[in-house]
Protein chains: 2
Amino acid sequence: MSDHADVHRLVAARLDSAGQVYTDKRRTLVELLAQVGPCTLPELLEAGDGIAQSSAYRNLTVLADMGVVRRLVHGGDHGRWELAEELTGHHHHLVCDGCGVVIDVELPADVEEVMDHAFNAAASSAGFTVAHHNVDILGQCADCGIAAR
Amino acid sequence: MSDHADVHRLVAARLDSAGQVYTDKRRTLVELLAQVGPCTLPELLEAGDGIAQSSAYRNLTVLADMGVVRRLVHGGDHGRWELAEELTGHHHHLVCDGCGVVIDVELPADVEEVMDHAFNAAASSAGFTVAHHNVDILGQCADCGIAAR
DNA sequence: TTGCTTGCAAATGATTTGCACTGCT
DNA sequence: AGCAGTGCAAATCATTTGCAAGCAA
């Protein structure tokens, strides 16, 4: 089950080079994020191996500082955590208005190109320098779409 | 100064049809949002006419329920409020990594078309029904770009 | 009067932090 | 011994809510 060996190797190297240890708890968190995708802290606590809430927050913050995970924020009560794009590749999010679930999606390269070009044009006219972009596609996930009928 | 007469007329009508009153405080909030664009609650309180924090929150919630304003959420401490797209037109956001300021931008119609098409394709393969999309263009605003040198 | 809006103060709840303890070097 | 990582309990802080006025119909 504990696949994602490449991810763990990369994370370990990253932490190592910053004098941080890749502890069991941290490995558990990364493994969960790799398996499940973007999830909330309560979800991580439930799935995690009895990790304390404060430790989860602290470890996620450390991992975020290392550039290994990223905190997403949409409407709901809890933020969501996911692996950094360096580990997963550039992607965007389907966000369900009903249950809040977040699903990763990749867009065709030519669409990304069109967007990048348009974003740069729009930004520069405001004196703004583009570093990155996020696209959230909102709607109903398969489950909530069914429930709505 | 108090321009945006069309906006106020529309908001008044919307509230009216729901049995809500378009009070002075509410008008002040809408006027500020129309003038300044997306801003945080502290910003609104400072600019607003001595409105109490709790009233600001409550009125913004009411206005959001009416579909007149929308709450944005990015990284920072405070959420940001803006007029609904029904009043401002469809647009996206330049978000400054430095100071958190949010600036509205519109994208060319053909780019929106390409995106809509790609989003629908990506979503449907996950059984997801698209209702809407948000694009955040992250980077440095003019001021923070200068400060960074 | 009746009901909605407002301000103040207190409550809520996600996230953060202080501190003592454990385990590894 | 020394230091990083952990858990528990307490603190923080944006946002929400209870309640007692104020104001319009």
Side-chain angles (χ1 to χ4, degrees), chain A residues 8 11-33 38-66 68-82 100 102, chain B residues 8 11-12 14-33 38-66 68-82 99-100 102:
Chain A
H8 290 299
V11 174
R14 183 66 75 86
L15 292 184
D16 222 47
S17 72
Q20 295 274 356
V21 185
Y22 197 26
T23 63
D24 280 350
K25 311 279 179 183
R26 288 172 186 176
R27 175 178 288 268
T28 301
L29 289 171
V30 169
E31 177 66 22
L32 283 171
L33 292 177
C39 49
T40 64
L41 195 105
E43 285 165 4
L44 289 171
L45 289 185
E46 191 172 2
D49 190 23
I51 189 169
Q53 186 195 50
S54 58
S55 296
Y57 275 118
R58 255 189 294 231
N59 282 324
L60 289 168
T61 303
V62 169
L63 292 169
D65 287 346
M66 302 284 99
V68 167
V69 305
R70 181 159 79 112
R71 184 172 192 268
L72 307 178
V73 54
H74 297 117
D77 280 345
H78 290 85
R80 280 177 186 272
W81 301 82
E82 69 168 0
V102 176
Chain B
H8 289 299
V11 173
R14 182 67 75 87
L15 291 184
D16 222 47
S17 71
Q20 295 274 356
V21 184
Y22 197 26
T23 62
D24 279 350
K25 312 278 179 182
R26 289 172 186 176
R27 174 178 290 268
T28 301
L29 289 171
V30 169
E31 179 64 24
L32 283 171
L33 292 177
C39 50
T40 64
L41 195 106
E43 286 165 4
L44 289 171
L45 289 186
E46 191 171 3
D49 190 23
I51 188 170
Q53 186 195 49
S54 59
S55 296
Y57 275 118
R58 254 188 295 231
N59 282 323
L60 289 168
T61 304
V62 169
L63 292 169
D65 287 346
M66 302 285 99
V68 165
V69 305
R70 181 159 79 113
R71 185 171 191 267
L72 306 177
V73 55
H74 296 116
D77 281 344
H78 291 84
R80 279 178 185 272
W81 301 83
E82 71 168 359
C99 63
V102 176

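Chain A is the first sequence line, chain B the second, and so forth, proteins listed ahead of strands; every chain is numbered from 1.
Considering CG of B/D16 and CE of B/M66, their distance stands at 11.5 Å, rounded to 0.5 Å. Summarising the geometry, atom CZ belonging to B/R27 is positioned 5.5 Å from atom NE2 belonging to B/H8; distances are rounded to the nearest 0.5 Å.
Nucleotide C/dT5 holds its C1' atom 16 Å from the CZ atom of B/R27, rounded to whole Å. Taking atom CG of residue B/L15 and atom P of nucleotide C/dT5, one finds them 9 Å apart after rounding to whole Å. The separation between A/L60 atom CG and C/dT16 atom P is 10 Å, rounded to whole Å. One can place CZ of A/R80 at 14 Å from P of C/dA14, the figure rounded to the nearest angstrom.
Take B/R26 and apply the side-chain hydrogen bond (donor to acceptor under 3.5 Å, both in side chains) test, not counting sequence neighbours, and it matches B/Q20, B/N59. When the side chain to side chain contact (heavy atoms under 4.5 Å, CB included) test is applied to A/A47, the partners found at least two apart in sequence or on another chain are A/L32. Every residue two or more places apart in sequence or in another chain was checked for a side-chain hydrogen bond (donor to acceptor under 3.5 Å, both in side chains) with A/Y57, and none qualifies.
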Report task. Begin with the C-alpha distance, continue with both residues' side-chain angles, and end with the deciding distance and a verdict on side-chain contact (heavy atoms from CB on, under 4.5 Å) for B/R71 and B/L60. Result -> CA-CA 9 Å; B/R71 185 171 191 267; B/L60 289 168; over 6 Å; no
Report task. Run the numbers on A/L63 and A/V30 for side-chain contact (heavy atoms from CB on, under 4.5 Å), then give the verdict. Result -> CA-CA 9 Å; A/L63 292 169; A/V30 169; 4.0 Å; yes
Extract from the structure each pairing of a protein N or O with an N or O of nucleotides 20-25 of chain C at less than 3.5 Å, listing the distance.
none

Pairs under 3.5 Å (N/O, protein and nucleotides 3-5 of chain D):
unit_1: D/dG5; atom_1: OP1; unit_2: A/Q20; atom_2: OE1; d: 3.3
unit_1: D/dG5; atom_1: OP1; unit_2: A/V21; atom_2: N; d: 3.4
unit_1: D/dG5; atom_1: OP1; unit_2: A/R26; atom_2: NH1; d: 2.8
unit_1: D/dG5; atom_1: OP1; unit_2: A/R26; atom_2: NH2; d: 3.4

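Using a 4.5 Å cut-off on side-chain heavy atoms (C-beta onward), A/V21 and A/L15 make no contact. The shortest side-chain heavy-atom distance between B/L33 and B/L44 falls under the 4.5 Å cut-off. Residues A/H78 and A/P42 meet the side-chain proximity criterion, which asks for heavy atoms closer than 4.5 Å.
The local environment of CG in A/D65 is crowded, with over 12 non-hydrogen atoms from other residues, nucleotides or ligands closer than 6.0 Å.
When heavy atoms are screened at a 4.0 angstrom cut-off, A/G50 is found touching the sugar-phosphate backbone but no base atom.
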Report summary line: Given protein heavy atoms under 4.0 Å, the one-letter contact record of nucleotides 13-25 of chain D, with B base, S sugar-phosphate only and - none, is simply -SBBBBB------
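Note on A/S55: a side-chain N or O is less than 4.0 Å away from OP1 or OP2 of D/dG7.
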